[in-house]
**Student:** 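Mind having a look at this structure? Questions to follow.
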There are 2 protein chains.
Amino acid sequence: MARPSVEAQRREQILRAACEVIRDKGINALRVSDVAARAGMSTGAVHYYFETKRALTHAAFEWNFTRSLARREVILTRRTSPSERLRAFVSSYLPGDDETTAAWHVWAETWVEALHDAELRALNERVYEEWRSMITEIIRDGQADGTIIDRDPVLLADTVVSLVDGLSMQALVGSRHMTASRMHAVCEHLIDAISVSSGRVKVS
Amino acid sequence: MARPSVEAQRREQILRAACEVIRDKGINALRVSDVAARAGMSTGAVHYYFETKRALTHAAFEWNFTRSLARREVILTRRTSPSERLRAFVSSYLPGDDETTAAWHVWAETWVEALHDAELRALNERVYEEWRSMITEIIRDGQADGTIIDRDPVLLADTVVSLVDGLSMQALVGSRHMTASRMHAVCEHLIDAISVSSGRVKVS
DNA sequence: TCCAAGATTGACTCATCCGTCAGTTATCGA
DNA sequence: TCGATAACTGACGGATGAGTCAATCTTGGA
């Protein structure tokens with residue numbers, strides 16, 4: 001071998017650029033030349049690392065998911081109460097800062113592509129499984145120490161995940177109604193409802 | 001005038017075809033020729049009624065929304081209890097039958113297109129406003145007759161709508177986990193939680 | 001029967017863009 | 001210094017597909 005491989009760095013560089021283009025223009029309008037320009041290289045270089053445009057976008061989708069999961073991993077290992085962890089998790093997952101918003105844009109595109117692409121459906125399946133299990137884990141912890149109500153934890157996790165997804169989608173689309181504070185209020189309300197706060201009794 | 005206009009029928013015919021193509025292939029892969037073929041006419045005929053492809057897809061999105069709202073209108077006017085109406089509404093809105101699933105596919109595409117298109121964002125804004133107000137209305141009715149808990153009805157409506165959106169999206173993408181019965185279970189659980197069922201007291 | 005205007009056709013133009021490839025450059029070890 | 005190979009360039013071929021348009025057909029009314 002005459003040169004040490006720069007493949008890992010280059011691929012990352014290209015995938016980051018691809019995600020930025022997807023965020024800004026969507027896959028519909030994504031051109032290989034856009035990605036190349038953003039990554040500061042020629043289209044030939046992009047094709048040197050990714051055979052086809054499809055391979056490129058799929059890799060970008062996967063990269064985006066992987067990074068998002070990794071970013072959340074930190075929260076899971078915190079030594080705070082389950083309820084706190086749940087709040088932190090949900091909060092970090094709602095589209096707030098630029099990084100999370102960008103990731104959300106790419107997720108949205110991934111889902112819609114997945115409607116017509118079995119490979120992406122499989123990718124989503126794997127990621128969502130992990131996603132859900134992270135939340136389920138927290139809920140189980142909360143049930144173990146008696147701070148979260150004793151209901152099917154999978155059902156509760158589904159509720160939390162779906163709620164966040166639905167809120168986020170409308171926020172992303174730019175609904176004036178769905179502001180950041182509104183999203184947080186709705187989520188807080190749900191977490192309160194599934195939390196056991198000492199002394200509080202709700203008739204419902 | 002030498003002939004009575006067939007414009008209304010033709011436009012509807014084309015928009016229906018466009019929605020079918022969007023459902024089957026997505027807007028990404030939608031070709032004007034696909035729509036023409038499905039509507040049983042030439043590409044020229046499609047362009048006779050819709051100047052550009054963009055005008056066509058936007059009209060299709062709007063048509064899809066309008067029809068969906070119209071289909072739900074029936075439920076609102078039923079003389080059943082608010083809780084029942086809420087259940088019926090949510091149930092009809094989850095992707096179950098082919099018609100609702102098709103509509104969902106088109107909605108999903110609309111949202112993602114809207115991320116990069118102000119016109120579609122405005123369309124979504126209008127529709128969602130109506131959507132939310134339908135649910136809010138039901139909830140207010142329920143609060144008036146004491147069958148739904150006394151919380152901010154807009155917050156409760158946001159919760160219901162977002163939950164359904166999130167669940168549906170995962171179901172559409174084909175998650176094995178998110179089955180029809182699971183979606184219904186999660187929604188039932190939420191509606192139970194916001195309903196006041198006589199004699200039941202929950203500690204939470 | 002014939003006209004006027006709406007409706008429709010489909011071949012064609014023109015622009016776009018993916019993927020290729022022959023050629024060039026950079027960087028290592030020997 | 002000199003291969004050897006990885007890394008990279010960018011012009012080009014070829015395919016695709018939106019939108020145009022001249023020609024044709026259809027229909028209701030005069």
Side-chain angles (χ1 to χ4, degrees), chain A residues 1-63 109 112-113 116-117 119-120, chain B residues 1-63 109-110 113 116-117 119-120:
Chain A
M1 204 192 297
R3 294 171 66 175
S5 177
V6 293
E7 187 170 337
Q9 297 101 291
R10 283 290 178 281
R11 289 181 75 95
E12 168 122 5
Q13 189 178 348
I14 293 167
L15 293 176
R16 169 169 284 116
C19 284
E20 287 171 7
V21 174
I22 292 171
R23 176 198 61 197
D24 291 348
K25 319 175 68 169
I27 340 171
N28 228 328
L30 177 144
R31 304 287 165 250
V32 174
S33 57
D34 294 331
V35 177
R38 210 177 248 271
M41 55 182 78
S42 68
T43 61
V46 173
H47 277 106
Y48 183 79
Y49 292 102
F50 298 93
E51 288 261 317
T52 63
K53 178 180 171 178
R54 186 165 181 265
L56 169 63
T57 53
H58 282 214
F61 287 145
E62 179 149 27
W63 185 76
E109 301 270 355
V112 170
E113 278 299 284
H116 310 103
D117 189 313
E119 208 171 293
L120 290 179
Chain B
M1 205 192 301
R3 292 172 66 176
S5 177
V6 293
E7 187 170 337
Q9 297 101 291
R10 283 289 176 281
R11 288 181 77 95
E12 168 120 4
Q13 188 178 350
I14 293 167
L15 293 176
R16 169 168 284 116
C19 284
E20 286 171 6
V21 174
I22 292 171
R23 176 197 61 196
D24 291 347
K25 319 176 66 168
I27 339 170
N28 227 330
L30 177 144
R31 304 287 165 250
V32 174
S33 57
D34 294 331
V35 177
R38 211 177 247 273
M41 56 182 77
S42 68
T43 61
V46 173
H47 277 106
Y48 183 79
Y49 293 101
F50 298 94
E51 286 262 317
T52 63
K53 179 180 170 178
R54 185 165 180 265
L56 169 63
T57 53
H58 282 214
F61 288 145
E62 180 149 26
W63 185 75
E109 301 271 355
T110 308
E113 279 298 287
H116 311 103
D117 190 313
E119 209 172 292
L120 290 179

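Residue numbering restarts at 1 for every chain, and letters A, B, ... go by the order of the sequence lines.
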**Student:** Show the numbers, then the answer: is there a side chain to side chain contact (heavy atoms under 4.5 Å, CB included) between A:Arg10 and A:Gln13?
**Tutor:** CA-CA 5 Å; A:Arg10 283 290 178 281; A:Gln13 189 178 348; 3.3 Å; yes
**Student:** Quick check for you: to the nearest 0.5 Å, what is the distance between A:Tyr48 atom OH and A:Glu7 atom CD?
**Tutor:** 8.0 Å
**Student:** Given B:His58 and B:Asp117, is the side chain to side chain contact (heavy atoms under 4.5 Å, CB included) satisfied, shown in steps?
**Tutor:** CA-CA 10 Å; B:His58 282 214; B:Asp117 190 313; 3.2 Å; yes
**Student:** First locate atom CG of B:Leu56, then atom CD of B:Glu51, and finally report the distance between them rounded to the nearest 0.5 Å.
**Tutor:** 12.0 Å
**Student:** In whole Å, I'd like the distance from the CE atom of B:Met41 to the C1' atom of C:dG6.
**Tutor:** 14 Å
**Student:** Verify the distance criterion only: is there a donor paired with an acceptor across the side chains of A:His116 and B:Asp24 at less than 3.5 Å?
**Tutor:** no
**Student:** State, to the nearest 10°, the angle formed by the axis through the first five base pairs of the helix from C:dT1-D:dA30 to C:dA30-D:dT1 and the axis through its last five.
**Tutor:** 0°
**Student:** Let me know the distance between CD1 of B:Ile14 and C1' of C:dT9, rounded to the nearest Å.
**Tutor:** 14 Å
**Student:** Table please: side-chain donor-acceptor pairs of residues 15-23 of chain A below 3.5 Å, with sequence neighbours left out.
**Tutor:**
from, atom 1, to, atom 2, distance (Å)
A:Glu20, OE1, A:Arg38, NH1, 2.9

**Student:** Tell me which residues in residues 16-38 of chain B lie within less than 4.0 Å of DNA chain C, going by non-hydrogen atoms.
**Tutor:** none
**Student:** Once you round it to whole Å, what is the distance between P of C:dC17 and CG of A:Leu56?
**Tutor:** 15 Å
**Student:** What residues, two or more places apart in sequence or in another chain, satisfy side-chain contact (heavy atoms from CB on, under 4.5 Å) together with B:Ser42?
**Tutor:** B:Ala45
**Student:** Nearest 0.5 Å, please: how far is CD in B:Glu109 from CD in B:Glu113?
**Tutor:** 7.5 Å
**Student:** Quick one: list whatever passes side-chain contact (heavy atoms from CB on, under 4.5 Å) with A:Arg31, sequence neighbours left out.
**Tutor:** A:Ser33, A:Asp34, A:Lys53
**Student:** Can you measure B:Arg11 atom CZ to C:dA7 atom P for me and round it to whole angstrom units?
**Tutor:** 12 Å
**Student:** For residues A:Ile14 and A:Val46, report the shortest heavy-atom separation together with the two atoms involved.
**Tutor:** CD1-CA, 4.2 Å
**Student:** Does anything in residues 44-54 of chain B come within less than 4.0 Å of DNA chain C? Heavy atoms only, and list the residues if so.
**Tutor:** B:Gly44, B:Ala45, B:Tyr48, B:Tyr49
**Student:** Can you measure A:Gln9 atom CD to D:dA6 atom P for me and round it to whole angstrom units?
**Tutor:** 16 Å
**Student:** Any idea which heavy atoms bring B:Phe50 and B:Ala59 closest together, and the distance?
**Tutor:** CE2-CB, 3.7 Å
**Student:** For C:dT8, does either OP1 or OP2 sit under 4.0 Å from a side-chain N or O belonging to B:Arg10?
**Tutor:** yes
